[in-house]
Trainee: 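Dropping the structure in here first, questions after.
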Amino acid sequence: MPEFMRHRLAWPLVTLFLLLAVNTAFNPSFLHIQWRDGHLYGSLIDILNRAAPLVLVSLGMTLVIATRGIDISVGATVAIAAALAAWMIGGSVAGDVSRFPMPVAILGALAIALVCGLWNGLLVAKVGMQPIIATLILMVAGRGIAQLITGGQIITIYYAPFFFLGGGYLLGLPFSLFIVGAVFAALYLAMTRTALGLFIQAVGINPGAARVAGIQSRRLIVGAYAFCGLCAGIAGLLICSNVKSADGNNAGQLLELDAILAVTLGGTALTGGRFSLVGSVIGALIIQTLTYAIYSLGVPPEINLVVKAIVVFIVMLLQSPEFRAFIGKAIRRPALHEGRP
């Protein structure tokens, strides 16, 4: 096996390139990008734009999983943040009036998402609940909270300036990419230029030893869940702005599963400790590119989740050193038998 294939990001990158190749084979114009209406237009731009919310949630999920946790409530947090933003902005059909100033609505949505993350973190780090149980509580209750905010209805937004967050363009690129880039850059610098990354790895590998070494592991875990909630809140704003409405029941549905898949595809260990922010971004792009391929190839909707599960299953097997070693032994064994006299 070539040396570069031993890198933990090699298989995710190969998978992404293969998916791009499949899309190109069935759609010759897939890689074509053109300038239209003052911005770049094409399938690749569309994939990047639609992957932005998933990338944000995956970055937050990466820190949570790195501390041996998991957050299955991010989809509900997305719905809560989107519902509150839509309710606070509202807007008339004319599109020039909002119930509250847009900055206040954005800060309110981010604040409630941060509170959701803090709630999960406190239940895990202070109360001692298992992460999946602690976040399951908000996963179930969060949808109810979102529907209480929306009154059980889909809130349509008419305030045009709000649409720029998820549907606007800056320098020819979707504005959502700049938001994702800013969050990624800040997080990457914090993980690589400070001791925070080492602290998170230490907590994920052995929380007890990290506590003995003087690391404030409980505060770190609370912070990881709070950041995950904040990322979900930003994703909720992007989704709400893009579709110009908020649906408390369906917004962010199954997003937590795609985020967990993206993080694991990117090489982050579910057992904690080892994590990769770049890998999580690649994993999110794999999920979105696969989704695009499924729909563009005309796969029936009733089996698209099965197709996605099969592809992810194969990729995870290829990433497993134990599975590759098993296949290598199985291939070498017949060759050894054939070489015997």
Side-chain angles (χ1 to χ4, degrees), residues 8-20 22-23 43-66 70-75 77-78 81 113 165-166 173-188 191 224 227-239 241-242 251-270 274-296 304-305 307-309 311-316 318-319:
R8 61 180 176 179
L9 295 181
W11 285 108
L13 285 172
V14 168
T15 303
L16 181 59
F17 287 137
L18 286 176
L19 287 173
L20 292 174
V22 169
N23 277 291
S43 299
L44 291 177
I45 303 299
D46 186 54
I47 288 176
L48 290 173
N49 190 24
R50 295 185 181 277
L54 178 57
V55 172
L56 286 169
V57 175
S58 298
L59 289 174
M61 188 73 74
T62 301
L63 296 192
V64 169
I65 291 179
I70 199 164
D71 188 348
I72 60 174
S73 69
V74 287
T77 304
V78 165
L165 283 179
L173 293 172
F175 183 68
S176 59
L177 298 185
F178 290 92
I179 296 177
V180 171
V183 173
F184 175 82
L187 183 59
Y188 185 81
M191 293 297 110
F227 179 77
C228 187
L230 183 62
C231 287
I234 301 173
L237 289 173
L238 294 184
I239 294 173
S241 171
N242 199 338
Q253 195 169 41
L254 299 182
L255 187 61
E256 57 273 359
L257 301 184
D258 281 346
I260 295 170
L261 282 176
V263 172
T264 53
L265 283 173
T268 296
L270 286 174
R274 188 186 70 184
F275 68 95
S276 172
L277 298 177
V278 176
S280 296
V281 174
I282 296 173
L285 292 177
I286 289 174
I287 297 295
Q288 188 58 47
T289 306
L290 177 58
T291 302
Y292 183 93
I294 288 173
Y295 286 114
S296 63
N304 58 13
L305 291 178
V307 174
K308 181 187 288 188
V311 173
V312 171
F313 176 68
I314 293 173
V315 174
M316 295 306 296
L318 292 175
Q319 281 188 270

Trainee: Please find the pair of heavy atoms, one from Ala232 and one from Val78, that lie closest to each other, and give the distance.
Mentor: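 Smallest heavy-atom distance, with atoms named: O-CG2, 3.3 Å.
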Trainee: Looking at CG of Asp258 and OG1 of Thr291, how far apart are the two atoms once the value is rounded to the nearest 0.5 Å?
Mentor: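 Going from CG on Asp258 over to OG1 on Thr291, the span is 6.0 Å.
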Trainee: Would you check, one step at a time, whether the test side-chain contact (heavy atoms from CB on, under 4.5 Å) holds for Thr62 with Leu187?
Mentor: CA-CA 11 Å; Thr62 301; Leu187 183 59; over 6 Å; no
Trainee: Compare all side-chain heavy atoms of Met191 with those of Leu63 and state whether any distance is below 4.5 angstrom.
Mentor: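 In contact.
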Trainee: Quick one: does Asn23's side chain have a donor or acceptor within less than 3.5 Å of a partner on Leu19's backbone?
Mentor: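 Yes: the side chain of Asn23 pairs with the backbone of Leu19.
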Trainee: Do Asp71 and Glu256 have side chains that approach each other closer than 4.5 Å (heavy atoms only, starting at C-beta)?
Mentor: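 Sidechains of Glu256 and Asp71: no contact.
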Trainee: Between Phe184 and Val55, is there a side-chain heavy-atom distance shorter than 4.5 Å?
Mentor: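 When only atoms from C-beta onward are counted, Phe184 and Val55 do not touch, as no gap falls below 4.5 Å.
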Trainee: As an exercise, state the distance from OG1 of Thr268 to CE of Met61, rounded to the nearest 0.5 Å.
Mentor: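 Taking OG1 in Thr268 and CE in Met61, the distance rounds to 11.5 Å.
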Trainee: Roughly how far, to the nearest 0.5 Å, is the CG atom of Leu20 from the CD1 atom of Ile286?
Mentor: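 With rounding to 0.5 Å, CD1 (Ile286) is 9.5 Å from CG (Leu20).
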Trainee: With the side chain counted from C-beta on, respond yes when Val180 and Leu56 share a heavy-atom pair under 4.5 Å apart, and no when they do not.
Mentor: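 Of all side-chain heavy-atom pairs linking Leu56 with Val180, at least one is under 4.5 Å.
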Trainee: Looking only at non-hydrogen atoms, find the nearest pair between Gly233 and Ala113 and report the distance.
Mentor: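 Looks like CA-CB, 3.4 Å.
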Trainee: To check you understand the geometry: which heavy-atom pair defines the closest contact between Ser58 and Ala262, and what is its length?
Mentor: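 That closest heavy-atom pairing would be OG-CB, 3.5 Å.
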Trainee: Tell me, yes or no, whether the heavy-atom count around Phe178 atom CZ, taken from other residues, nucleotides or ligands under 6.0 Å, exceeds 12.
Mentor: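 Buried by this count: over 12 neighbours within 6.0 Å.
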Trainee: Which atoms form the tightest heavy-atom contact between Pro12 and Gly266, and what is the distance?
Mentor: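 Between these two residues, the closest heavy atoms are CG-CA, 4.4 Å.
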Trainee: When rounded to the nearest 0.5 angstrom, what is the spacing between CG in Leu285 and OH in Tyr292?
Mentor: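 If we round to the nearest 0.5 Å, Leu285:CG and Tyr292:OH are 14.5 Å apart.
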Trainee: Could you walk me through whether Leu177 and Asn49 satisfy the side-chain contact (heavy atoms from CB on, under 4.5 Å) test, starting with their C-alpha distance in whole Å, then the side-chain angles of each, then the deciding distance to 0.1 Å, before giving a yes or no?
Mentor: CA-CA 7 Å; Leu177 298 185; Asn49 190 24; 5.5 Å; no
Trainee: The test is side-chain contact (heavy atoms from CB on, under 4.5 Å); show your working for Val57 and Thr77 and say whether it passes.
Mentor: CA-CA 10 Å; Val57 175; Thr77 304; over 6 Å; no
Trainee: Could you tell me whether the side chain of Leu48 reaches within less than 4.5 Å of the side chain of Pro174, counting heavy atoms only?
Mentor: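 Sidechains of Leu48 and Pro174: no contact.
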Trainee: To the nearest 0.5 Å, tell me how far Ile282 CD1 sits from Leu265 CG.
Mentor: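 Ile282 atom CD1 to Leu265 atom CG measures 10.5 Å (nearest 0.5 Å).
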Trainee: Would you call Thr15 and Leu290 a side-chain contact if the rule is heavy atoms closer than 4.5 Å?
Mentor: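 Not touching, per the 4.5 Å side-chain cut-off.
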Trainee: Mind running side-chain contact (heavy atoms from CB on, under 4.5 Å) on Ile65 and Phe275 for me, showing each step along the way?
Mentor: CA-CA 8 Å; Ile65 291 179; Phe275 68 95; over 6 Å; no
Trainee: Would you indicate whether the side-chain heavy atoms of Val64 and Val263 approach each other to under 4.5 Å?
Mentor: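 Sidechains of Val64 and Val263: no contact.
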Trainee: Nearest 0.5 Å, please: how far is CG in Leu165 from CD1 in Ile234?
Mentor: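 The CG atom of Leu165 is 10.5 Å from CD1 of Ile234, to the nearest 0.5 Å.
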